[in-house]
Trainee: 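Would you mind keeping the following structure in view while I ask a few things?
FYI, side chains are in, hydrogens and waters are out, and symmetry mates aren't considered; it's all heavy atoms of this structure. Atoms within a ligand are numbered from 1 in the order they appear, just like the ligands themselves.
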Amino acid sequence: MRGHLIVIEGCDRSGKSTQCERLVTTLQQQGRKTQLFKFPDRTTQTGKMIDSYLKQSTHMDDHAIHLLFSANRWEAMSHMTSLLEQGTTIIVDRYAFSGVCFSAAKGLDFEWCRQPDVGLLTPDVVMFMDLSMDEAEKRGGFGEERYEKRELQLKVRQEFQKMMDSSWKIIDASKSKDQVYNDMMAVIKSLDSNPGPLKQDLWK
Ligand code: DGP
């Protein structure tokens with residue numbers, strides 16, 4: 001039986017990466033083959049270019065960097081497909097939804113932003129970690145990276161709200177770490193244990 005593809009989305013500072021790591025550890029301890037993927041994956045060639053852009057050491061046209069973020073996702077698809085088909089569950093820390101919302105928040109056309117990611121693997125579930133901007137800022141504020149600014153993050157939040165549909169699971173990320181973790185585990189437990197064929201038809 002194939003593994004589940006579980007996508008975790010949210011604005012910066014919502015606790016995504018911490019929770020993703022804990023979920024992967026728990027699932028592995030429960031004896032379930034599980035792997036974490038994170039986008040952007042800063043270790044690949046495209047990822048290194050993205051990293052340098054985010055750290056503000058290089059400038060790039062907004063469209064060009066969007067295509068690079070998308071390429072960074074595409075280059076992981078065959079590896080992800082074979083893992084899922086071999087029964088490994090994958091937790092993904094950010095996916096194409098972040099891609100569209102960040103670039104649209106910068107002013108690029110929403111439909112244009114979706115196009116390069118059309119045909120990616122379709123997740124079995126998307127969890128959105130919801131946190132108000134005030135709460136996010138209380139958690140130590142934003143750092144030095146290019147997108148870590150209040151005004152842009154507010155726009156990203158609005159774009160996420162436009163994009164989400166009734167299939168998304170909204171997680172209240174203002175709760176305690178343990179409560180958030182329990183809510184996310186409950187979503188994972190509720191997934192169909194026999195998820196049917198893998199689909200590579202995002203947004204088709
Ligand atoms: P992280 O390593 O999770 O902090 O993500 C780095 C930043 O990149 C974060 O602010 C969100 C942003 N981001 C992720 N994917 C995309 C994308 O496809 N396009 C754009 N423009 N930004 C993205």
Trainee: Any N or O of Lys38 that comes nearer than 3.5 Å to an N or O of ligand 1?
Mentor: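 Yes, Lys38 has an N/O under 3.5 Å of an N/O on ligand 1.
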Trainee: Pick one of side chain, backbone, both or neither for how Lys16 approaches ligand 1, counting any non-hydrogen atom pair under 4.0 Å.
Mentor: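 Contact part for Lys16 vs ligand 1: neither.
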Trainee: Below 3.5 Å, N or O to N or O, backbone or side chain included: is there any such pair between Asp12 and ligand 1?
Mentor: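 Between Asp12 and ligand 1, an N or O pair is found under 3.5 Å apart.
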Trainee: Which residues pass the side-chain hydrogen bond (donor to acceptor under 3.5 Å, both in side chains) test with Asp201, sequence neighbours left out?
Mentor: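 Once residues adjacent in sequence are excluded, the partners of Asp201 under the side-chain hydrogen bond (donor to acceptor under 3.5 Å, both in side chains) criterion are Thr122.
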Trainee: For atom 15 (N) of ligand 1, state which one of Tyr147, Phe69, Phe142, Tyr53 supplies the nearest heavy atom.
Mentor: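 Of the listed residues, Phe69 has the closest heavy atom.
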Trainee: Could you check atom 21 (N) of ligand 1 against the protein and tell me its nearest heavy-atom contact, residue, atom and distance included?
Mentor: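 Looking at atom 21 (N) of ligand 1, the protein heavy atom closest to it is Ser103 OG, 2.9 Å.
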Trainee: So which bit of Ser17 gets within less than 4.0 Å of ligand 1, heavy atoms only: side chain, backbone, both or neither?
Mentor: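 Under 4.0 Å from ligand 1, Ser17 contributes no heavy atoms.
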Trainee: Determine whether the side chain, the backbone, both or neither of Asp93 has a heavy atom under 4.0 Å from any heavy atom of ligand 1.
Mentor: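 The answer is neither.
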Trainee: Would you say Met164 ends up clustered with Leu154 if hydrophobic residues are merged whenever their side chains have heavy atoms under 4.5 Å apart, either directly or through other cluster members?
Mentor: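 Leu154 does not cluster with Met164.
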Trainee: Considering only protein heavy atoms, which is closest to atom 5 (O) of ligand 1, and at what distance to one decimal place?
Mentor: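 Answer for atom 5 (O) of ligand 1: Arg94 NE, 3.4 Å.
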Trainee: Determine, using heavy atoms of Arg73 and all atoms of ligand 1, whether some pair is separated by less than 4.0 Å.
Mentor: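 In this structure, Arg73 qualifies as a contact of ligand 1 - some heavy atom is under 4.0 Å.
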Trainee: Heavy-atom contacts under 4.0 Å between Leu54 and ligand 1: side chain, backbone, both, or neither?
Mentor: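 The part of Leu54 near ligand 1 is the side chain, not the backbone.
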Trainee: Sequence neighbours excluded, which residues qualify as side-chain hydrogen bond (donor to acceptor under 3.5 Å, both in side chains) partners of Arg22?
Mentor: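 Arg22: side-chain hydrogen bond (donor to acceptor under 3.5 Å, both in side chains) contacts with Asp178.
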Trainee: Measuring from the heavy atoms of Arg146, does anything fall under 4.0 Å of ligand 1?
Mentor: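 No; Arg146 lies far enough from ligand 1 that no heavy-atom distance drops under 4.0 Å.
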Trainee: Could you say whether the N/O atoms of Tyr95 and ligand 1 ever approach to under 3.5 Å?
Mentor: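 Such a contact does not occur with ligand 1.
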